[in-house]
Amino acid sequence: MVGLNPAQKRAVEHQNGPLLVLAGAGSGKTRVITQRMVRMMERGVPASTIVALTFTNKAAAEMGERVAKLLGKNKAGAKGLTISTFHSFGLHVLTREKRAQNQAFTIFDQGDALGTVKEILRNIDAGKRFDVPAIMSRISNAKNAFLLPEELPDDGVDPYNEITKIVYPRYQAALRTYSAYDFDDLVCEVVRVWQSRPDVLARWQEKVRYLLVDEYQDTNRAQLMMLRLLAEPHRNICVVGDDDQAIYGWRGADVRNILEFEEHFTGAEVVKLEQNYRSKQAILDVANAVIGKRVGVRHKKHLFSERVGDEKITVASAPTPEAEASYVVREISRWIRDEKKQPRDLSVLYRSNSQAKLIEESLRSEGIAYRIVGGQQFFERKEVKDVLSYLKLALNRSDEISLRRIMNYPARGIGDTSVERLALHAQAKGWTLWQGIERVDAFDDISEPARQGCKQLERIVGDLRRKILVEQVRASEVASFLCQQIGLRQEIDSSSPTPQAAAKRWGNVEGLMGTLTRREAKVGTEQANDLANFLHALTLDFGKEEDAEPNAVTLSTLHGAKGLEFEIVYLIGCEEGFLPHARTLEDRATDAPALPDDGSNSAKAADIEEERRLFYVGVTRARDFLTLSRCKNRAMRGKPVPRTPSRFLMDLPPERIVEIEVRDEPTMGTKAGLEKANALLAMLEGLGQ
Ligand SMILES: Nc1ncnc2c1ncn2[C@@H]1O[C@H](COP(=O)(O)OP(=O)(O)OP(=O)(O)O)[C@@H](O)[C@H]1O
Ligand SMILES: [Mg+2]
């Protein structure tokens, strides 16, 4: 119980009943959660009855590390303790319940979900008129708000509302046919199961006696329903959060959950924390100034820090994005080389993933190790998805998205026409597409090559099933068997333009094998044999960087950096259009996804408030040093466009900041680079910049 102030102690010692810790950034909320878990176990609460939930894999992993550290030698006492994301917990519940009913299922990642929506749009002849991700995010928001298709508001004006009302029920029907769940279902479906099966709910209520939730301000309605159901009999629910850090409204999070906690869980004890232990006072002053300008103050907080220090916050203005990146990376290498900082003490944060590219390139050319938080790219690579699709299909033959993906890959004579004919026949008979393939001989308009192709596919998938279900072969072996069977190496070699391209693509397949093998080594054979669990977890674990170099500079979006802290932080791209993001500035008539869409100014103002909170989240990640950078010009479609500094920079207290001008130093140091830069400068001067 060392290292806790009296308020924190009160929260840690609090035993039964609902508890809310509402406090600003860096005030030790996560510390309270972790110490509380340890304290409960010390008091004899069985670890297996405690479940702590948060949002990202990274945050869950960090919480786990903090608990392990606190327990030290007593680590064994934590056996059975659950610290996970809402999604993984939902998956855990679903896996148990569906297995009990002997139902195989697939988890759709974002790509699969988008593919399904696209297919539906094509079927209703609305193919090209709509932005697929925009529809998908409407559906996702509806699910997060636990709304059925017929419950969507009917405004009769917004075409995206209209089309979502049409697509959403079909999308749900398609998932059911494919025995698939998307990420949102991992929570929604659990709620549905628990609501409809009191016996199942009672079993989980019996098992989970203590609930703890970090970052509670970002929970959505479906998650609240899940928590309420689970906590109903014992009401041992402890949530911590900060309404000023609510940054997932665009994805359906509802800040009212934290503001109305005392109504949802009556008799709750409320603890407020006021001391910030993370940041130097100068950083806190900047943070307080920005968040102090928010409209509609909800819970006023008076954060103070005893960590004095006169270092000012740097606001750096660069002529171009290249100059900004090379400035940031020069500074990073100075910290590491001259100040002997560790790469892991440093972080570069940005609003959108696309902003990372230049920083990445510069870090790479300087030979500085970095890692990107939440990068989903690896499992989205084509070769990886191809292999995984075969495995998913083998486990769940209703998974039509995976089936369509590999039906004729590598080519086996089943052309598009045959696929469509088969799909129509199957539909007419009420079969799945896979059943259509199995009974291909029943149809006389399928060409002989396609018929042979179907038989071949049936054989391959049958072999895979035997290996997995009967012989219980490990996932990595199943995957390598598959590659041999379908001749993937040869296929890649013959379809790549150059040997280098082929090597790179095959490298992705080997990368997947490596991941599979490493995971098997880690989780042990028992679970490794359970390929379904394995694949599900793989889909959910994207961004879990078990392979990442631990001592590396962290690159992250502001959303991904929630809850983390670094000694030195660079927040780049502090410009109108990035922060606040353009999406929140534009007129949101058509393509704006995921926002309460009445098109009114108040909704827009609310979005900008969310961007302000995001800025606050970014600033409060820094412990000792903070730099905010921006560009004066950015090339848009080949032309330099002048950029306006972020409005949030205007709110900073002048006495706490130093402004610097970054000179344009072409990173490559080559003559060509210099010429390019000079030409650009000349052009800018011409524009009167
Ligand atoms: N009583 C304390 N004494 C010393 N250090 C503390 C104390 N409480 C918290 N800290 C430290 O302060 C830092 C911030 O704590 P923590 O991450 O728990 O804050 P938080 O409220 O969860 O922040 P965020 O809102 O960003 O999630 C951590 O490094 C933590 O170890
Ligand atoms: Mg925290």
Side-chain angles (χ1 to χ4, degrees), residues 55-56 85-87 90 107-118 120-121 130-175 180-192 215-227 246-260 557 559 562 581 583-584 586-600 602-611 613-614:
F55 287 87
T56 62
T85 62
F86 275 95
H87 287 131
I107 296 177
F108 273 9
D109 63 18
Q110 186 67 2
D112 302 326
L114 289 173
T116 308
V117 171
K118 209 183 267 172
I120 293 167
L121 286 175
F130 294 96
D131 179 41
V132 177
I135 298 179
M136 190 62 233
S137 77
R138 301 283 175 117
I139 295 177
S140 169
N141 272 9
K143 287 189 172 190
N144 288 335
F146 214 75
L147 291 177
L148 293 170
E150 57 271 23
E151 291 169 326
L152 284 181
D154 203 355
D155 71 352
V157 187
D158 179 2
Y160 272 84
N161 246 353
E162 296 306 296
I163 190 74
T164 305
K165 280 176 91 80
I166 298 168
V167 174
Y168 179 20
R170 291 167 192 253
Y171 175 77
Q172 284 304 85
L175 291 191
Y181 296 117
D182 65 14
F183 283 164
D184 300 319
D185 285 336
L186 295 178
V187 173
C188 292
E189 191 59 27
V190 169
V191 173
R192 238 168 264 132
E215 308 278 2
Y216 189 66
Q217 75 279 357
D218 284 323
T219 48
N220 57 40
R221 176 141 182 261
Q223 287 159 337
L224 172 66
M225 292 171 83
M226 178 164 126
L227 295 170
I247 54 176
Y248 278 100
W250 60 282
R251 222 194 248 172
D254 190 345
V255 74
R256 282 178 307 182
N257 288 356
I258 193 164
L259 298 175
E260 294 167 7
T557 60
H559 285 101
K562 195 167 75 157
H581 194 271
R583 195 193 56 206
T584 60
E586 284 158 9
D587 197 22
R588 294 179 292 97
T590 48
D591 67 344
L595 296 165
D597 223 304
D598 55 4
S600 73
S602 70
K604 230 152 81 177
D607 301 342
I608 289 176
E609 282 302 290
E610 183 151 305
E611 298 287 304
R613 295 192 291 271
L614 199 50

Between [X] (side chain only) and [Y] (backbone N and O only), is there a donor and an acceptor less than 3.5 Å apart?
X	Y	answer
Asp112	Asp109	yes
Asn144	Arg251	yes
Gln223	Phe86	no
Asp185	Cys188	no
Tyr160	Asp131	yes
Asp218	Ile247	yes

Q: Please lay out, stage by stage, how Leu121 and Ile163 fare under the test side chain to side chain contact (heavy atoms under 4.5 Å, CB included).
A: CA-CA 9 Å; Leu121 286 175; Ile163 190 74; 4.1 Å; yes
Point-to-point distance, once rounded to the nearest 0.5 Å, from [atom1] of [X] to [atom2] of [Y]:
X	Y	atom1	atom2	value
Ile608	Glu610	CD1	CD	11.5 Å
Lys562	Gln217	NZ	CD	5.5 Å
Ile166	Asn161	CD1	CG	11.0 Å
Ile107	Leu175	CD1	CG	12.0 Å
Leu614	Glu609	CG	CD	12.5 Å

**Q.** With sequence neighbours excluded, residues passing ring-ring contact (aromatic ring centres under 6.0 Å, His included) with His87
**A.**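 ring-ring contact (aromatic ring centres under 6.0 Å, His included) check on His87 returns Phe183.
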Smallest separation among heavy atoms of [X] and [Y], with atom names:
X	Y	answer
Val255	Ala246	CG2-CB, 3.7 Å
Phe146	Glu151	O-OE1, 3.9 Å
Phe130	Pro159	CE2-O, 3.9 Å
Ala222	Lys143	CB-O, 4.0 Å
Val117	Val132	CG1-CG1, 3.8 Å

Q | With Ile139, the side-chain contact (heavy atoms from CB on, under 4.5 Å) member among Val167, Leu152, Asp182 | A |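 Going through the options one by one, the only one that passes is Val167.
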Q) Is any side-chain heavy atom of Arg221 less than 4.5 Å from a side-chain heavy atom of Asp254? A)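 No, too far: nothing below the 4.5 Å cut-off.
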Q | Side-chain touch Phe55/Thr219, heavy atoms, less than 4.5 angstrom | A |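 The answer is yes; the side chains approach within 4.5 Å.
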**Q.** Chi angles and distances behind the side chain to side chain contact (heavy atoms under 4.5 Å, CB included) call for Tyr216, Leu224
**A.** CA-CA 9 Å; Tyr216 189 66; Leu224 172 66; 3.3 Å; yes
Q: Could you check Met136 against Tyr171 for side chain to side chain contact (heavy atoms under 4.5 Å, CB included), going step by step and ending with a plain yes or no?
A: CA-CA 10 Å; Met136 190 62 233; Tyr171 175 77; 3.4 Å; yes
Q: Would you mind listing every salt bridge (Lys or Arg N to Asp or Glu O under 4.0 Å) that reaches into residues 163-173, with sequence neighbours excluded?
A: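 Found none.
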Q. Can you check whether Trp250 and His559 have ring centres sitting under 6.0 Å from each other?
A.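 Ring-ring flag for Trp250/His559: true, centres closer than 6.0 Å.
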